[in-house]
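Some notes on the structure that comes next.
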Amino acid sequence: QVQLVESGGGLVQPGGSLRLSCAASGSIFRLKSMGWYRQAPGKQRELVTAITSAGSTNYADSVKGRFTISRDNAKNTVYLQMNSLKPEDTAVYFCNAVLGSLVVGREYRYWGQGTQVTVSS
């Protein structure tokens, strides 16, 4: 129903920057929020940042002041600007979208396939 495609990952040196993009397509109705998660090898997937349909944002403490999430409604795309990257930011980054339902108490979560971000000197 909904497809999410990430791009923009790659290899960057510590202190560098990357910009990730997530393009959404399909039946995007009752969108509640979109966000970015990341997962390093052997670690739990964690929320990095999210933005609601109204534009409110939140961030994990580890990325506050360094990462910025934004959106382009006309392009159905969200972005993650990552500055001052650290080796511990190395992970696969996944875009997600949460859609509500006409049925109370139900929601649907969609995931992109992920894009690798590697921060290393």
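Computed from a predicted structure; not experimentally measured.
Nearest approach of Thr49 to Leu80, heavy atoms of both residues: CG2-CD1, 3.7 Å. When every heavy atom of Asn83 is checked against every heavy atom of Ser17, the shortest pair comes out as OD1-OG, 2.9 Å. Looking at every heavy atom in both residues, Ala40 comes nearest to Ala91 through N-CB, 3.8 Å. Between Thr77 and Ser21, the shortest heavy-atom contact is CG2-CB, 4.4 Å. What you find for Asn96 and Arg109 is that their closest heavy atoms are ND2-NH1, 2.8 Å.
Linking ILVMFWY residues whenever their side-chain heavy atoms come closer than 4.5 Å, directly or via other members, places Ile51 and Val48 in the same cluster. Hydrophobic clustering (ILVMFWY, side-chain heavy atoms < 4.5 Å, transitive): Val2 and Phe94 are in distinct clusters. The hydrophobic clustering, which links ILVMFWY residues whose side-chain heavy atoms are closer than 4.5 Å, places Leu99 and Val78 together. Ile69 and Met34 fall within a single hydrophobic cluster, where Ile, Leu, Val, Met, Phe, Trp and Tyr are joined by side-chain heavy atoms under 4.5 Å apart, directly or via other members. Grouping the Ile, Leu, Val, Met, Phe, Trp and Tyr side chains by contacts below 4.5 angstrom, directly or via other members, places Phe67 apart from Leu47.
Side chains of Arg38 and Asp89 form a contact here, defined as non-hydrogen atoms less than 4.5 Å apart. When side chains are defined from C-beta on, Gln1 counts as touching Tyr110, because their heavy atoms get closer than 4.5 Å. Inter-residue side-chain proximity for Trp36 and Glu6 is flagged as met; some heavy-atom pair is nearer than 4.5 Å.
Counting only residues at least two apart or in different chains, disulfide (SG to SG under 2.5 Å) contacts with residues 6-99 comprise Cys22-Cys95.
Val12 pairs by the side chain to side chain contact (heavy atoms under 4.5 Å, CB included) definition with Leu18, Leu85, Val119, not counting sequence neighbours. The ring pair (Phe, Tyr, Trp, His ring centres under 6.0 Å) check on Tyr37 picks up Trp111, with sequence neighbours excluded.
Among Thr90, Leu20, Val92, the single residue meeting the side chain to side chain contact (heavy atoms under 4.5 Å, CB included) criterion with Val117 is Leu20.
Other residues, nucleotides and ligands contribute over 12 non-hydrogen atoms within 6.0 Å of the CD atom of Glu88.
Here OG1 of Thr68 is found 11.0 Å from CE of Met82. Values are rounded to the nearest 0.5 Å.
Side-chain atoms of Thr115 come within 3.5 Å of backbone atoms of Gly9 as a donor-acceptor pair (strictly under, hydrogens ignored). Arg71 places a side-chain N or O within 3.5 Å of a backbone atom of Ser53 that can act as its donor or acceptor partner.
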